[in-house]
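No hydrogens, no waters, no symmetry mates; every other heavy atom, side chains included, goes into these values. Please read these numbers as outputs of a predicted model, since none were measured by experiment. Letters go in sequence order (proteins before strands), and every chain restarts at 1.
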Amino acid sequence: MLHVRVRSPSTLGFATARIQFNRMSKTRFSVKPIQSKTEIPTSDPDPNPGSENGSAAELRVFSRRKRVKRTEEVQKLQLEAKPISQKLAVLPDIEEFAYKKVNTSTNSSKPPANWEKVLDGIRKMRSSEDAPVDSMGCEKAGSSLPPKERRFAVLVSSLLSSQTKDHVNHGAIQRLLQNGLLSADSIDKADEATIKSLIYPVGFYTRKAGNLKKVANICLTKYDGDIPSSLEELLSLPGIGPKMAHLVMNVGWNDVQGICVDTHVHRICNRLGWVSRPGKKQKTSTPEQTREALQLWLPKEEWDPINPLLVGFGQTICTPLRPRCGLCSVSEFCPSAFKEASSPSSKSKKSGSNKKL
DNA sequence: GTCCAGAGCT
DNA sequence: AGCTCCGGAC
């Protein structure tokens with residue numbers, strides 16, 4: 001057991017990489033040495049976006065496949081990300097720049113009262129609970145593989161894991177791995193029906209099997225079997241939306257460009273009153289709004305850890321339906337504590353509530 | 001039967 | 001903003 005709490009945004013070296021792999025296991029880090037010595041060189045900040053990205057990234061801006069339609073939110077996200085990735089091609093010290101760039105634009109909003117106490121309290125609750133996310137988060141995918149394959153595994157895991165219980169996703173990944181189908185090349189060659197049967201029963205497996213084939217082909221032809229290294233390029237992949245794009249940037253590239261906001265983070269931040277629509281007191285209505293609002297005040301070192309923290313909290317205590325406020329140690333700070341209906345399914349039919357309590 | 005959950009389309 | 005995709009937990 002080893003408690004590590006290190007964060008050095010400008011110098012992402014060995015230590016950070018190690019933490020990244022194990023960040024799902026709460027404060028417990030297995031002594032398992034870092035898997036591949038080639039993963040991240042000790043001296044250089046981050047080699048992966050460095051070498052081939054310079055000109056290639058620019059080219060891809062033009063060759064980028066046009067999606068039929070993107071939602072406004074995603075388009076906005078892409079615009080947001082563009083300046084950073086353009087700098088990526090030019091600046092050697094990417095991480096540091098990205099950190100400053102994002103961080104300077106954030107301090108415009110005042111943090112909510114007691115947020116540190118709340119976060120601490122949640123951390124404590126989380127360390128005694130075991131949430132599904134702890135044992136099988138998708139970051140674990142292919143952690144023993146070489147960097148490129150590992151990144152691809154992370155991407156695949158992200159694709160499959162949406163709307164799917166973690167253990168189901170884990171099983172699907174294992175089956176793909178056992179059948180040698182966890183690389184862009186092999187998936188591109190494989191039969192879609194085979195993929196489909198292997199990933200079953202992840203949610204929406206038919207669509208995901210198709211997306212997987214498309215993504216593998218894109219990775220193979222445009223990225224030499226690797227995965228895209230920028231937010232906007234990840235977003236252009238079928239089946240990859242804002243939530244997964246940020247997750248892949250965080251986990252796959254070790255590059256935190258934004259908070260990975262899923263419904264748990266979205267729900268909990270709103271319950272806590274941590275986010276609101278710009279200039280208003282209203283709750284945010286989409287995870288993307290939540291992400292933007294949260295990034296306005298949350299210190300950047302919390303951007304990465306807050307997702308697993310709140311997801312686990314949301315799976316065990318601050319559940320979508322009937323949150324267990326009685327078990328929550330920070331309910332005193334929560335404006336929504338004990339406010340939500342405890343009746344099972346009578347949200348829309350108050351009049352005919354025949355099964356109250 | 002209800003709810004979960006992210007992406008994408010309308 | 002609402003619907004669809006999915007199996008499965010409950």
Side-chain angles (χ1 to χ4, degrees), chain A residues 65-78 131-133 136-138 154-172 175 192 195-215 218 231-232 234-251 258-270 277 282-291 307-308 310-324 340-350 352-356:
Chain A
R65 183 172 55 95
K66 283 204 172 122
R67 304 275 302 174
V68 189
K69 238 177 207 173
R70 306 293 298 173
T71 66
E72 283 181 16
E73 283 168 0
V74 170
Q75 285 171 349
K76 199 172 165 196
L77 220 163
Q78 291 176 333
V133 69
M136 311 181 222
C138 82
V154 167
L155 180 63
V156 172
S157 184
S158 300
L159 259 177
L160 298 186
S161 70
S162 64
Q163 314 98 353
T164 304
K165 296 285 188 238
D166 289 313
H167 69 275
V168 176
N169 180 46
H170 187 253
R175 286 191 296 278
E192 189 169 319
I195 311 260
K196 188 170 157 181
S197 66
L198 284 174
I199 64 176
Y200 178 90
V202 299
F204 318 129
Y205 54 91
T206 308
R207 184 163 298 176
K208 282 175 183 174
N211 284 342
L212 207 46
K213 286 281 292 177
K214 286 180 198 145
V215 166
I218 293 167
L231 209 49
E232 74 269 28
L234 285 169
L235 285 166
S236 77
L237 301 175
I240 296 290
K243 192 247 172 181
M244 292 309 171
H246 279 104
L247 185 70
V248 172
M249 283 307 286
N250 293 359
V251 177
I259 299 170
C260 176
V261 174
D262 61 11
T263 62
H264 297 287
V265 177
H266 177 57
R267 175 183 72 253
I268 294 166
C269 287
N270 273 294
R277 272 143 113 160
Q282 292 175 305
K283 291 178 169 190
T284 57
S285 55
T286 67
E288 271 300 279
Q289 281 178 13
T290 299
R291 186 183 62 79
N307 177 271
L310 294 193
V311 170
F313 181 56
Q315 286 171 335
T316 55
I317 296 175
C318 198
T319 49
L321 200 59
R322 278 166 293 166
R324 299 154 168 82
E340 296 204 22
S342 54
S343 56
S345 60
S346 53
K347 205 174 272 182
S348 54
K349 47 172 184 175
K350 269 181 188 168
S353 61
N354 43 1
K355 46 150 88 177
K356 247 238 164 152

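Put simply, the side chain of A:K208 gets close to the backbone of A:S162: a donor and an acceptor are under 3.5 Å apart. The main-chain N or O of A:G312 is found under 3.5 Å from a side-chain atom of A:T316 such that the two form a donor-acceptor pair. A:R291 places no side-chain N or O within 3.5 Å of a backbone atom of A:K243 that could act as its donor or acceptor partner.
Put simply, NZ on A:K214 is 11 Å from C1' on B:dG8, counting in whole angstrom units. With rounding to whole Å, A:L235 atom CG is found 9 Å from B:dA7 atom P. If you measure from atom CG of A:D262 to atom P of B:dA7, you get 10 Å, rounded to the nearest angstrom. For the pair A:Q289 CD and C:dA1 P, the computed distance is 8 Å after rounding to whole Å. As a whole-Å value, the separation of A:K208 NZ from B:dA7 C1' is 10 Å. Between the CG atom of A:L234 and the P atom of B:dG8 there is a distance of 12 Å, rounded to whole Å. For A:N169 and B:dC4, the CG to P distance is 20 Å, given to the nearest whole Å. One can place NE2 of A:H246 at 15 Å from C1' of B:dA7, the figure rounded to the nearest angstrom.
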Check nucleotides 2-5 of chain C for protein N or O atoms closer than 3.5 Å to its own N or O atoms and list the pairs.
none

Got a list of protein N/O to nucleotides 8-10 of chain C N/O distances below 3.5 Å?
none

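Considering only residues two or more places apart in sequence or on other chains, A:T290 meets the side chain to side chain donor-acceptor pair (under 3.5 Å) condition with A:H266, A:T284.
Looking at every heavy atom in both residues, A:V261 comes nearest to A:P287 through CG1-O, 3.5 Å. Nearest heavy-atom pair across A:A245 and A:L234 is O-CD1, 3.7 Å. Scanning both residues, A:V248 and A:S158, for their nearest heavy atoms gives CG2-OG, 3.4 Å. Residues A:P242 and A:E288 share a closest heavy-atom pair of CB-OE2, 3.3 Å.
Expressed to the nearest 0.5 Å, how far CG of A:L235 lies from CE of A:M244 amounts to 12.0 Å.
Using a 4.0 Å heavy-atom distance criterion, A:H266 is classed as making no nucleic acid contact.
In this model, the phosphate group of B:dA5 is approached by a side-chain N or O of A:T263 to a distance below 4.0 Å at OP1 or OP2.
When distances are taken from the side chain of A:K243 to each of B:dA7, B:dA5, B:dC4, the shortest belongs to B:dA7.
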